[in-house]
Visitor: 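Got a structure for you, questions after.
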Amino acid sequence: MVARPAAEVARDLLGWRIVSRIDGTRTSGRIVETEAYVGAHDPACHGAVGLTRRNRTMFGPPGRAYVYFIYGMHWCFNVVTGREGDPEAVLVRALEPLEGRDTMVARRGRDRDPANGPARLCQALGIDGAMDGHRIDRPPLYLEPPPRPVSPDEVTVSGRIGIRKARDWPLRFFLTHSPHVSSGPHVPASSETPWRP
DNA sequence: TAGACGATGACCT
DNA sequence: GGTCATCGTCTAG
């Protein structure tokens, strides 16, 4: 995968399919919501504090999964997009289930909509820390392009969810009419574009 | 080594 | 809308 700005990739990943064969069971879902974390100058980005053991995957080559543990109980899945040494990544926040829906619901233990949140989709697909650093172009976890690209008028941009710093930066992208988008509070995006030099 | 914090989600009112 | 569970990671001392 070629390095690209996370904000571009976050927009373009909408509609892509994530396929998981973790645990030998095939599950997949269509990406309906993403957030971009755009590098060391983004105060909400894990890479802003510099290279640590936890975030080292983010500083590695693009096209890898950055999976981290949060709040003592949840995993979150990101796609690294920046060049080596440039900590840019896209957090996948929600999926529309496509295959293996029963498996997802069984893994979650509940829910009609088992993948509408970053930690929920990890649990539904069986993603945990073992996938940190995995190349996302090969099994057991990989991405497939959509049959047709998502058009710009299907996408809404807003501020990011669940963070305190730079929350109004317009770096959250979701499919406007998808019922599978996560239920976080809507944060209006600032008209500024502070991540651009 | 202790203490604070966190890109969340479940549950309750 | 508010509270809390729960623990890896980081930082300060």
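Numbered from 1 within each chain, the chains take letters A, B, ... in sequence-line order. Values below: every heavy atom of this structure, side chains too, minus hydrogens, waters and symmetry copies.
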Visitor: Evaluate whether atom CZ of A/Arg56 has more than 12 neighbouring non-hydrogen atoms of other residues, nucleotides or ligands under 6.0 angstrom away.
Guide: no
Visitor: Locate the shortest heavy-atom distance separating A/Ala124 from A/Arg107; write the atom from each residue and the value.
Guide: O-NH1, 2.8 Å
Visitor: Considering heavy-atom distances to DNA chain B, does A/Lys165 or A/Gln123 have its closest nucleotide positioned more toward the 5' end?
Guide: A/Lys165
Visitor: Counting only heavy atoms not in A/Arg4, do more than 12 sit closer than 6.0 Å to its CZ atom?
Guide: yes
Visitor: For A/Ala44, answer base if it contacts any base atom (sugar-phosphate contacts may also be present), sugar-phosphate if it contacts only those atoms, and nothing otherwise; contact means non-hydrogen atoms under 4.0 Å.
Guide: base
Visitor: Once Watson-Crick and G-U wobble pairs under 3.5 Å are found, how is DNA chain C written in dot-bracket notation, 5' to 3', with | for any base paired to another strand?
Guide: |||||.||||||.
Visitor: Do A/Leu121 and A/Val105 sit in the same hydrophobic cluster, where Ile, Leu, Val, Met, Phe, Trp and Tyr count as joined when their side-chain heavy atoms come under 4.5 Å apart?
Guide: no
Visitor: Side-chain donor-acceptor pair under 3.5 Å between A/Thr25 and A/Asp23, yes or no?
Guide: no
Visitor: Just verifying a value: how many Å separate A/Ile136 CD1 and A/Phe77 CZ, rounded to the nearest 0.5 Å?
Guide: 6.0 Å
Visitor: Could you grab the distance from atom CG of A/Leu91 to atom CZ of A/Arg160, nearest 0.5 Å is fine?
Guide: 10.0 Å
Visitor: Under the salt bridge (Lys or Arg N to Asp or Glu O under 4.0 Å) rule, what do A/Glu154 and A/Arg148 come out as? Steps first, then yes or no, please.
Guide: CA-CA 13 Å; A/Glu154 296 176 84; A/Arg148 66 166 183 85; 3.4 Å; yes
Visitor: 5' to 3' on DNA chain B, which nucleotides open and close the contacts with chain A (atom under 4.0 Å from a heavy atom)?
Guide: B/dG6 to B/dC11
Visitor: Would you check if there is a donor-acceptor pair between the side chains of A/Arg108 and A/Gln123 at a distance under 3.5 Å?
Guide: yes
Visitor: Quiz question: by atom type and distance under 3.5 Å, do the side chains of A/Ser158 and A/Arg172 form a donor-acceptor pair?
Guide: yes
Visitor: Output one letter per nucleotide in nucleotides 5-13 of chain C: B when a protein non-hydrogen atom lies under 4.0 Å from the base, S when only the sugar-phosphate is that close, - when neither is.
Guide: BBBSSS---
